[in-house]
Amino acid sequence: MAELRTEEEQLEALKRWWKENGMALVAGVVLAAAGLIGWNAWQSYQANQAEAASIRYQQLIGLASQERLDEAGLAEAQRLVDEITDAHDGTLYADLSRLIEARLAVEAGDRVAARAVLGDLVQASEDAYVRDLARLRLARLQLADDEPAAAVATLEGELAEALGAQRAELIGDARLALGEVAAARRAYRDALSLAERHGQALYGVQLKLDDLGQEGADQ
Amino acid sequence: MLQSIRDRSKSWGAKIIIGAIVLTMALFGADALIGLFTGGANDVAKVNGEPITRQEVELQVQRALRSGQVPPEQERALRGQVLDELITLRLLDQYAGDGGLHLSEEQLDRILLTLPQFHDQEGRFDREIFRNRLASAGYTPLGFREQLRSDLRREQLQNGLILSDFTLESERERLASLQRQVRSFRYHRLTADDLEAPVTVSEAEIAAYYEANAERYQRPEQVRLAYVLLDRQRLADEREVSEEQLEAAYAERARDAERRVSHIMVTFGDERGRDEAEARLEEVRERLAEGDDFATLAARYSDDTSSAEQGGDLGFISRGFFGEAFEDAAFALAPGQVSEIVETDNGLHLVAVTELDLPPLEALRDELREEVALAAVSDDFNRLNQRLIDESFAADDLVSVADDLGLARQESDWLTREHAQGVLGEPGVMREAFSDEVLTEGFNSEVIELDEDRRLVVRVAEHRPAATPPLEEVRDRVVAELTAERQQEALVALAETRLDALRHGDTPDWAWTRVEQASRTGDEAVPAAVLAEAFRLPRPDEAPRYGIASSEQGVAVVALEAVSEGEADAELEALVGRMAERLRAQSALTGLLEHLRDEAEVERL
């Protein structure tokens, strides 16, 4: 702006600029302010929602960590699970609550309900890892219900590598239930080597494997 | 570019954007915008695009070092671990955040108030304690809240994964039945005597084995140390202690020793005045002076009837039971002496000491000598310690320091970092010996405070790096190990031929060792390898199942005869169920971490 020499000229230029651009500037400011306020309101709504979910979930955890739940406790837990899945669908809170719901159903002796919950999660959870966990647990219920073929089907397909050892053990259980001893032995061996590779410990796989005896010794 | 902005600034859109920028600057300061474009130079890693800064790593490293659990020379390794840990935590935070896990300020507040670390003695939250604790741990209140928030969020996640796992009745039953299974078997150990010819190894084989296993024979990095030890005890041992000092120390002991006392008590009150009582005791004193026996007089004069019958004897007393006046008198007396008249609440007394609870000086001589000597060398020790600090720092060798201080300079044999004996094996010594200053620079070490009474300075006399010694030096070991390995191979080969024969109905006249109904945990008499093999063999039908158990302890042929269900054990059943569940939940957690790491984009800068 070296060409504007006097103060008078500068002031004049500023006024002109304001006349040309003032409205736009004000509009920009107003729009930004409105955006900010709206954003804050949205954020605080979200925060309130999240807090409500967090508090409910925390209560559920409190119940689930008790040694045994009585009727009232179970009902309360179920109410919390329902609230969380209804109001906060799509969050991890909802997923984890449903996993807990399945456990409570198992403990109440209701494997049908537990399978339904886990089946839902396998279908609908947005979280790949939760889906995989649910698959493993569903397969265990299927094995307990004497449906090894269904368990194998549940376990097939892509699954988080880190859960491979658990899957291999369950496949071993399923194969054994189907009478396929050699395949079961292979699966248990896989489970052991996968567990070692991932630095995990699995209780019982070695026992199950030992109980089958080595191949070659079958003569 | 400026020109193009100016051109476009005629348009409404651009004007609105500029308005927004102006507003952002006005509300949040220019930093908010600048921060968007700069930074990054200080980042050590990016986790899914989110940076981890050098400061974050440093903060944790310093915290760990200050806690004293990590020796400073491991700082480098620690830094790597801290970064890994931060990346893991960041991944979990992101996962929890993306999943909508959240803790509000109010929730945080409520939890903060319950943390016992910040409670006063009445168990209430105390702001002052809160601030002090945080400051000493190197946290700002805000930083601590953020940390707590992520911790709690991660905890919510973990709790969900762990508490949602379950164990089915059928699973519990199966594991328990495997665990409690018992097996009956017999086994026979093969020994070197069973081999047709003893195992021999040739020179070439020895050389080849040495080559192949060179790593095993490697000698670790070693040092020979020169050292000077300043030991208060040794100073005391060398200190002369005179007979007078011993006697003075004994007298000191005698003054406070428990003592057996007798007394003669005369009461006064309504029936008898104080003067009268005093006169009565004066009479006793006269008769004592004439040589009468205290005990006899006590029986006659004392108003304390219970002790009077024992000749006034009160037994052994220590301070604190008989009142100050009485005790002052008693503890001022030597055995055989009688006090002046003493007044207590009970009346007037004459006190005599009959015996001290103190062994004679001869019996205490060594103990007293040490006591006197230790007290006497205290100043010397402090002075020598100071000189040791000064001179070992200044000197270029250890000999002059030792000579100057009149201490012995000792030398050790070759030592490794882990294996040092005696004073050099005490905590911290080898760490100092292998420190940069001492090992590389060749300085005297700092003065190491082993305990209250001992100071040590070490210096590296000789150093040799890790190396593989020549074959001649380790020949014996090589031959022994190679022979053992060959022998085991030969025994296994022998066992295999025997096994074949057994399976074909051969019955060797072996002295089998029988084991009835062994459980998995077995008993100590059965070698672990044998037990493991017995539990690995398939169930026998008609004939036993044969297998070979081979371990460093030897080779044995195992014949499994029967497998049966062990006794039901509810406790065991519950235990195996819980154990399986816990391990599975643990795997679900570590599995999540691994899964996140696999999926994430982690960039180390």
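Predicted model only: the values in this text are computed from it and were never measured. Numbers restart at 1 for each chain; the letters A, B, ... are given by sequence-line order, proteins then strands.
- Among B:Gln107, B:Met579, B:Arg539, B:Arg153, the residue making the largest number of heavy-atom pairs under 4.5 Å with chain A is B:Gln107.
- Ranked by heavy-atom pairs shorter than 4.5 Å toward chain B, the options A:Asp173, A:Asp132, A:Asp95 are led by A:Asp173.
- Heavy-atom distances place the side chain of B:Glu171, and not its backbone, under 4.5 Å from chain A.
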- Tell me, with the steps shown, if B:Arg174 and A:Asp211 meet side chain to side chain contact (heavy atoms under 4.5 Å, CB included). CA-CA 11 Å; B:Arg174 173 149 180 236; A:Asp211 198 51; over 6 Å; no
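- Contacts between B:Leu161 and chain A at a heavy-atom distance below 4.5 Å involve backbone atoms as well as side-chain atoms.
- The two atoms that bring A:Ile100 and B:Ser164 nearest to each other are N-CB, 3.6 Å, heavy atoms only.
- Of the atoms belonging to A:Glu51, heavy atoms from both backbone and side chain fall under 4.5 Å from chain B.
- In this structure, A:Tyr203 contributes its side chain and B:Arg584 its backbone to no donor-acceptor pair below 3.5 Å.
- When heavy atoms are compared at a cutoff of 4.5 Å, B:Gln181 approaches chain A solely by way of its side chain, counted from C-beta outward.
- For a residue to count as touching a neighbouring chain, one of its non-hydrogen atoms must lie under 4.5 Å from one of that chain's; by this rule A:Arg111 touches chain B with the side chain only.
- Remark: B:Glu106 CD is packed, more than 12 non-hydrogen atoms of other residues, nucleotides or ligands lying under 6.0 Å away.
- The two residues A:Asp210 and B:Arg520 make their nearest non-hydrogen contact at OD2-NH1, 4.3 Å.
- For the pair B:Tyr95 and A:Leu92, the minimum side-chain heavy-atom distance is below 4.5 Å.
- When each of B:Leu592, B:Leu596, B:Asn159 is scored by its heavy-atom pairs under 4.5 Å with chain A, the top score falls to B:Leu592.
- Rounded to the nearest 0.5 Å, atoms CD1 (A:Ile55) and CG (B:Leu103) are 9.0 Å apart.
- Both tests hold for A:Arg140 against B:Phe166: distance to the six-membered ring centre under 6.0 Å, angle to the ring axis within 45°.
- Among B:Ala532, B:Ser170, B:Gly100, the residue with the largest count of heavy-atom pairs under 4.5 Å with chain A is B:Gly100.
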- Message: Determine whether B:Leu168 and A:Leu143 satisfy the following criterion, side chain to side chain contact (heavy atoms under 4.5 Å, CB included), listing intermediate values before the conclusion.
- Response: CA-CA 10 Å; B:Leu168 295 161; A:Leu143 281 170; over 6 Å; no
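- Crowding of B:Glu173 atom CD: a count of heavy atoms from other residues, nucleotides or ligands under 6.0 Å exceeding 12.
- For chain B, the option among A:Glu161, A:His88, A:His198 with the highest count of heavy-atom pairs below 4.5 Å is A:His198.
- For the residue pair A:Gln58 / B:Gln156, a side-chain donor-acceptor distance below 3.5 Å is found, with atom types taken as modelled.
- Around CD of A:Glu126, the count of heavy atoms belonging to other residues, nucleotides or ligands within 6.0 Å does not exceed 12.
- Contacts between A:Ile61 and chain B at a heavy-atom distance below 4.5 Å involve backbone atoms as well as side-chain atoms.
- With a 4.5 Å cut-off on non-hydrogen atoms, B:Glu581 does not touch chain A at all.
- Each of A:Ala162, A:Ser54, A:Ala53 has some count of heavy-atom pairs under 4.5 Å with chain B, and the biggest count is that of A:Ser54.
- In this structure, the portion of A:Tyr57 lying under 4.5 Å from any heavy atom of chain B is its side chain and not its backbone.
- Taking 4.5 Å as the limit, every side-chain heavy atom of B:Leu583 sits out of range of all side-chain heavy atoms of A:Gln200.
- Proximity to chain B involves both the backbone and the side chain of A:Leu207, based on heavy atoms less than 4.5 angstrom apart.
- Among B:Asp598, B:Val576, B:Thr590, the residue with the largest count of heavy-atom pairs under 4.5 Å with chain A is B:Val576.
- For chain B, no part of A:Leu136 is nearby; none of its heavy atoms comes within less than 4.5 Å.
- Looking at B:Leu593, neither its backbone nor its side chain comes within 4.5 Å of chain A, counting heavy atoms on both sides.
- Between A:Gln166 and B:Ser587 the shortest heavy-atom distance is NE2-CB, 3.3 Å.
- Annotation: maximal heavy-atom pairing with chain A below 4.5 Å, among B:Leu178, B:Asp98, B:Leu101, occurs at B:Leu101.
- Taking A:Leu163, A:Asp127, A:Leu133, A:Val26 one by one and counting their heavy-atom pairs under 4.5 Å with chain B, the maximum is reached by A:Asp127.
- Counting heavy atoms of neighbouring residues, nucleotides and ligands inside a 6.0 Å radius, atom CD of B:Glu601 does not exceed 12 of them.
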